Colleague: 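The following block contains the structure, expressed as structure tokens.
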2 protein chains.
Amino acid sequence: MLDRAVSDSAGRVPVTGYDVARAAGVSQSTVSRALRGDVRVVGRTREHVLRVARELGYVVNVSARTLITRRSATIAIVSGDLRNPSYPALVQSLQEQFHARDHRVLLMSDHDEGSGRFEEDLEGLRGGLVDGVVYLSARTDSSAVAELVEAGLPLVVLNRDVDGALGRRVDRVISDNVEGGRLLARHLHACGARRIAVVAGPADNPSLRRRARGFAAELRRLGVPLDPALVRRGTVTPAFGLQAALQLLDVPAARRPDAVFGQTDYIALGVLDAAGRLGLRVPQDLQVVGYNDLDWAGWSMIDLTTVRQPLAEMARAAADALFARMADPAAPPLLRNFAVELVVRGSTRS
Amino acid sequence: MLDRAVSDSAGRVPVTGYDVARAAGVSQSTVSRALRGDVRVVGRTREHVLRVARELGYVVNVSARTLITRRSATIAIVSGDLRNPSYPALVQSLQEQFHARDHRVLLMSDHDEGSGRFEEDLEGLRGGLVDGVVYLSARTDSSAVAELVEAGLPLVVLNRDVDGALGRRVDRVISDNVEGGRLLARHLHACGARRIAVVAGPADNPSLRRRARGFAAELRRLGVPLDPALVRRGTVTPAFGLQAALQLLDVPAARRPDAVFGQTDYIALGVLDAAGRLGLRVPQDLQVVGYNDLDWAGWSMIDLTTVRQPLAEMARAAADALFARMADPAAPPLLRNFAVELVVRGSTRS
DNA sequence: CTGTTAGCGCTTTCAC
DNA sequence: GTGAAAGCGCTAACAG
């Protein structure tokens, strides 16, 4: 009886299938079969093997299994900074979806844009680390996505529009940002807003751009075209929303906007803050709308009119799409565009 | 020349080190060395190998490497539901810490408590899937932690007190909840509060329990002991905070509390909401304090007095502790207890 | 410096 | 129904 003394980084001596086989008096392949519930193993043998395995504290080695089956049962989620409140709900929903399908989730963050570290990580993804990728970061640079698709890795882009030729080749699960923008424009107009300002996020974010397009187009159609002088562009943060709104609103009443569209709830929050600081009552003196219907948009102290995307269903659809892609790499690219919903609250006159 | 036609689930034909070796006219082990930057490979050879590897699109197979090195360069983070705002910031910080140390992050959620699925997942962790675990869920049941430690897996518990014998055997990075409770009690008392209510979370959460202990002890010391009739216990949600506060506050003014301690900001939010609905002015008619200093506690519409934990430093300490544990499994258990800080805002009279 | 060789622990033919 | 044997792709001795 060989005395195996190999230990891993934690100093543990791993129990292998051979150890179980020896203790159970069967062959290692029978252990493997028994543990995977192979029908060919007769009941008595199987139960015996399982008991011995449990007694020895045997756990199957994931790497060895992955190496031979070529399936890691792991999905990568490439997310933006979780402190940005757009991401956690989506990541959690995805995690639940994949968990329910017996897959693990590797969390990747792209925060180090341009540093080269991210590109390095992507390489890992191609090394059999994961069976598929859900990409939900708003990273402006699509080359990462392109590279992964090129490498043949199943990939679904979630909640992020993709421009150009790539957009037509990759699976996408998105919501109707153009319509969302239209809904807000129509609502604000119906509430009497006529001098409307926009606090926008980065120009290279395709989702925000579509949102803006729908918003502007609808206002034009309604006869109150957007005044370019009332558009501010910056980051998706309350801080920028505050700063931009202070600029826009701290002017003589006659020239002051009567409504502000914050392109995300996070921005709109800063706008609400600015209104408070300037003593403007919402919605009497100023109407405010956001986008996303984050958790806190419904809290009574915020009470923000906004647009809701069906995040949970989108996560489910993304998981479905990814598994479909894994099952059939040659299938035509899929596009699911979910309808959005206007959520009217106290920040507009309704 | 053998024509290899094995393909993985995505239909890709993987390029192996042997393919590179053949194309470069060297041995496979030289390829391995060159790619890992082994000093023994001469410059000329190395560059040649690297170029060929790049041309062929070679990526090292992670499973094979893990199988032999017994290090997956992956850390598991066991988190609670990311929609609970306590978690995202911590998860993100940890992700950054491990990323900076060239480790990946496997995200595990414990949401399915008691379903058996979670236990199943833990088994995976023992199968060489990860090199270590950071446990930051508030799951009441510590058996999972115990099991992992028992199995010899390096594990650090972050931001969560652990009771009993286990607590003395496991590495912990926490903050001083007792002191945090004291700080709030002292502050409320100094602000004139005398009839103080508490909206508490689950009784089996050790962190909240310590927080409560410090709070109650300090009030007692100050001569205004907590009235048990003014304590409500429930879930860590604004909804419960609202409901509990409505009960506590919707009474004749003489019997009404003049301050409420929401054991987390998330609860305190519901308390603020209740105050608003009952027409109570904060802080004139009612003072409110929370705990955690979440992102939104500082927004002007919330403006909540609370206690701040140094989350980023705690995440760094947790990563340090975990790597130390991986390096020396026999080291004595570590306990890092971070100081907390009172953040005074507009919800108390200061 | 480079090549040869022996596994890591498992799944999966192929025999019996 | 079970066992023997052949690798999966890589790292790490050990030779030379």
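Keep in mind it's a predicted model, so treat the numbers as computed, not measured. Numbers restart at 1 for each chain; the letters A, B, ... are given by sequence-line order, proteins then strands.
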Colleague: Less than 4.0 angstrom between a side-chain N/O of R44(B) and OP1 or OP2 of dC1(C), yes or no?
Modeller: no
Colleague: The criterion is side-chain hydrogen bond (donor to acceptor under 3.5 Å, both in side chains); which residues satisfy it with N61(B), sequence neighbours excluded?
Modeller: none
Colleague: Quick test of your reading: applying salt bridge (Lys or Arg N to Asp or Glu O under 4.0 Å), list the pairs with at least one residue in residues 148-158 of chain A, sequence neighbours left out, ordered by first then second residue.
Modeller: E150(A)-R169(A)
Colleague: Among dC8(C), dC10(C), dT11(C), find the nucleotide with the atom closest to the side chain of S32(A).
Modeller: dT11(C)
Colleague: Please compare L67(B) and I68(A) by the position of their nearest nucleotide in DNA chain C and report the one closer to 5'.
Modeller: L67(B)
Colleague: Nearest to the Y58(A) side chain among dG3(C), dG9(C), dC10(C), which nucleotide is it?
Modeller: dC10(C)
Colleague: Using the 3.5 Å cut-off, write out each protein N or O paired with an N or O of nucleotides 13-16 of chain C and the distance between them.
Modeller:
from	atom 1	to	atom 2	distance (Å)
dT13(C)	O4	R33(A)	NH2	3.1

Colleague: DNA chain D: G43(A) or Q28(A), which has the more 5' nearest nucleotide?
Modeller: G43(A)
Colleague: Taking 4.0 Å as the cut-off, does a side-chain nitrogen or oxygen of S27(A) come that near to OP1 or OP2 on dG3(D)?
Modeller: yes
Colleague: When you measure from the side chain of A64(B), which nucleotide among dT11(C), dC10(D), dC8(C) comes out closest?
Modeller: dC10(D)
Colleague: Starting the side chain at C-beta, find the nucleotide from dT11(D), dT2(D), dT11(C) nearest to T45(A).
Modeller: dT2(D)
Colleague: Which residues satisfy the side-chain hydrogen bond (donor to acceptor under 3.5 Å, both in side chains) test with S86(A), sequence neighbours excluded?
Modeller: N84(A)
Colleague: Taking 4.0 Å as the cut-off, does a side-chain nitrogen or oxygen of T69(A) come that near to OP1 or OP2 on dT11(C)?
Modeller: no
Colleague: So how far off straight is the helix from dC1(C)-dG16(D) to dC16(C)-dG1(D), going by the axes through five pairs at either end, to 10°?
Modeller: 40°
Colleague: Does a side chain donor of either S109(B) or Q92(A) reach within less than 3.5 Å of an acceptor in the other side chain?
Modeller: yes
Colleague: Between R65(A) and dC10(C), is there a side-chain N or O to OP1/OP2 distance below 4.0 Å?
Modeller: no
Colleague: Check side-chain hydrogen bond (donor to acceptor under 3.5 Å, both in side chains) between S27(B) and all other residues, then give those that pass, not counting sequence neighbours.
Modeller: S29(B), T30(B)
